[in-house]
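Notes follow once the structure below has been shown.
So you know, we letter chains A, B, ... as the sequences are listed, proteins then strands, and number each from 1. Computed from a prediction, not measured in an experiment: that's the story for all the values here. All values below come from the heavy atoms of this structure, side chains included, with hydrogens, waters and symmetry mates left out.
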Protein chains: 2
Amino acid sequence: MSNTQLLDTLLALSTVLAADEERELERRGLTRARVHLLWVIHHQGPRTQAEIATALQVTPRNVTTLVDALEATGFAQRTPHPQDRRAVRVTLTERGRDVMARMDAEHEEFGAALTEGLDPATAEATVIGLQHVLARLTALVAEHAAASEAGRAGPLENTP
Amino acid sequence: MSNTQLLDTLLALSTVLAADEERELERRGLTRARVHLLWVIHHQGPRTQAEIATALQVTPRNVTTLVDALEATGFAQRTPHPQDRRAVRVTLTERGRDVMARMDAEHEEFGAALTEGLDPATAEATVIGLQHVLARLTALVAEHAAASEAGRAGPLENTP
DNA sequence: TATTGTTATACTCTATAACTATA
DNA sequence: TATAGTTATAGAGTATAACAATA
């Protein structure tokens with residue numbers, strides 16, 4: 001087995017998964033960032049924009065834009081926060097709940113379809129192997145991040 | 001094994017891989033789209049912008065912007081096409097070649113590091129399982145794409 | 001007439017900084 | 001004084017449409 005055979009396969013899988021996801025989202029009038037936001041609310045319940053910003057690891061300003069778009073397209077809505085008058089709570093509309101329920105169901109189907117025709121022993125070993133790889137990867141990434149804390153480049157200089 | 005355990009692990013891996021890649025690129029003053037372009041030239045030789053657009057599955061207009069940026073940051077350059085005076089050929093500068101060579105080397109290292117500590121039998125089975133999944137996935141995506149050819153939504157309507 | 005690349009315009013995601021209204 | 005969310009501005013990737021130069 002070559003050094004990078006596993007990594008290459010993973011990268012190919014990522015690419016195909018991402019492309020498929022993108023197409024599915026577009027079909028529904030959604031984008032990846034917006035679905036991520038809906039997903040947080042769907043699985044954690046109504047949240048303030050500040051909480052959403054933390055969950056998405058994104059600036060509060062960004063959440064404003066995303067919620068604007070989701071409100072305009074009818075997937076989510078702002079409601080006043082019962083205790084704190086500064087804050088708004090973002091909730092799903094019925095349309096939002098529907099689409100998330102459908103996506104959950106598709107996720108299940110898709111997961112099952114992926115391993116169809118694969119013998120159970122190999123499937124099991126694949127999961128074990130992947131979990132090992134995920135652990136290794138997480139460790140490596142932490143190392144990288146620590147190492148690059150010191151010497152980092154400035155912002156990109158281009159398109160003057 | 002749950003229906004989605006493998007898919008969930010794959011998605012987690014994709015996320016971590018993407019985040020790591022993004023950080024590495026930023027450190028070098030590059031972006032994913034620009035590296036993709038450099039990669040095409042590095043592995044296929046100098047190409048015209050039209051050829052690059054096809055390879056990246058992106059519009060020619062987009063390639064103009066990317067090449068502008070890569071020229072401004074010194075990774076690539078436009079040279080006249082020897083036969084066709086309409087076309088330009090995009091080639092790597094020394095800086096571009098250097099950075100791509102270094103990325104290739106890191107890719108190798110990274111691939112080896114991922115499976116460190118994993119017993120060879122499981123590693124082998126993981127690759128076999130993944131290749132099966134990739135084949136299934138490609139088939140599913142083709143089905144999806146065909147199915148959604150008919151009923152597709154219009155462009156997103158929001159942020160008026 | 002068809003192709004190559006560009007200018008013009010627009011949409012989406014993202015970020016920082018400054019500001020308002022509330023705690 | 002600190003926090004929640006907004007306006008203002010900017011950079012990056014992407015798209016379509018119209019246009020120049022060249023095949």
Please set out all donor-acceptor pairs under 3.5 angstrom arising from side-chain atoms of residues 88-102 of chain A, sequence neighbours excluded.
residue : atom : partner : partner atom : Å
T93(A)  : OG1  : G74(A)  : O            : 2.6
T93(A)  : OG1  : F75(A)  : O            : 3.1
T93(A)  : OG1  : R95(A)  : N            : 3.4
T93(A)  : OG1  : G96(A)  : N            : 3.1
R95(A)  : NH1  : T73(A)  : O            : 2.5
R97(A)  : NH1  : L92(A)  : O            : 3.1

Under 3.5 Å, side-chain donor or acceptor atoms of residues 103-114 of chain B against the rest of the protein: list the pairs with distances, not counting sequence neighbours.
residue : atom : partner : partner atom : Å
D104(B) : OD2  : H42(B)  : NE2          : 3.1
E106(B) : OE2  : R28(B)  : NH2          : 2.8
H107(B) : NE2  : D8(A)   : OD1          : 2.7

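Rounded to whole Å, atom C1' of dA12(D) lies 15 Å from atom CG of L37(B). Atom CD of Q57(A) is separated from atom C1' of dC13(C) by 16 Å (rounded to the nearest Å). Rounded to an integer number of Å, the gap from NE2 of H81(A) to C1' of dA23(C) is 12 Å. Regarding L66(B), its CG atom lies at a distance of 9 Å from the C1' atom of dT14(D), rounded to whole Å. Across the protein-nucleic acid pair, R32(B) atom CZ and dG11(D) atom C1' stand 17 Å apart, rounded to whole Å. To the nearest angstrom, C1' of dG13(D) lies 12 Å from CD of E22(A). L30(A) has its CG atom 18 Å from the P atom of dC11(C), to the nearest Å. The nearest whole Å value for the distance from the CZ atom in R85(A) to the P atom in dT20(C) is 18 Å.
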Dump the intermediate steps for side-chain contact (heavy atoms from CB on, under 4.5 Å) on L56(A) and N62(A), then the final yes or no. CA-CA 10 Å; L56(A) 301 185; N62(A) 207 333; over 6 Å; no
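Shown here are the salt bridge (charged side-chain N to carboxylate O under 4.0 Å, His left out) partners of E51(A), two or more places apart in sequence or in another chain: there are none. For Q44(A), the side-chain hydrogen bond (donor to acceptor under 3.5 Å, both in side chains) criterion is met by no residue, not counting sequence neighbours. Take D84(A) and apply the salt bridge (charged side-chain N to carboxylate O under 4.0 Å, His left out) test, not counting sequence neighbours, and it matches R86(A).
Nucleic acid contact class of Q83(A) (heavy atoms, under 4.0 Å, all strands): sugar-phosphate only.
Contact check, N62(B) against dT14(D): a side-chain N or O comes under 4.0 Å of OP1 or OP2. Distances shorter than 4.0 Å separate some side-chain N or O of T59(A) from OP1 or OP2 on dA15(C).
Taking the six-membered ring where tryptophan is involved, the planes of W39(A) and H43(A) are tilted, since the angle between them lies from 30° to 60°.
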Base versus backbone protein contacts along nucleotides 2-7 of chain D [heavy-atom cut-off under 4.0 Å; B, S, -]: BBSSBB
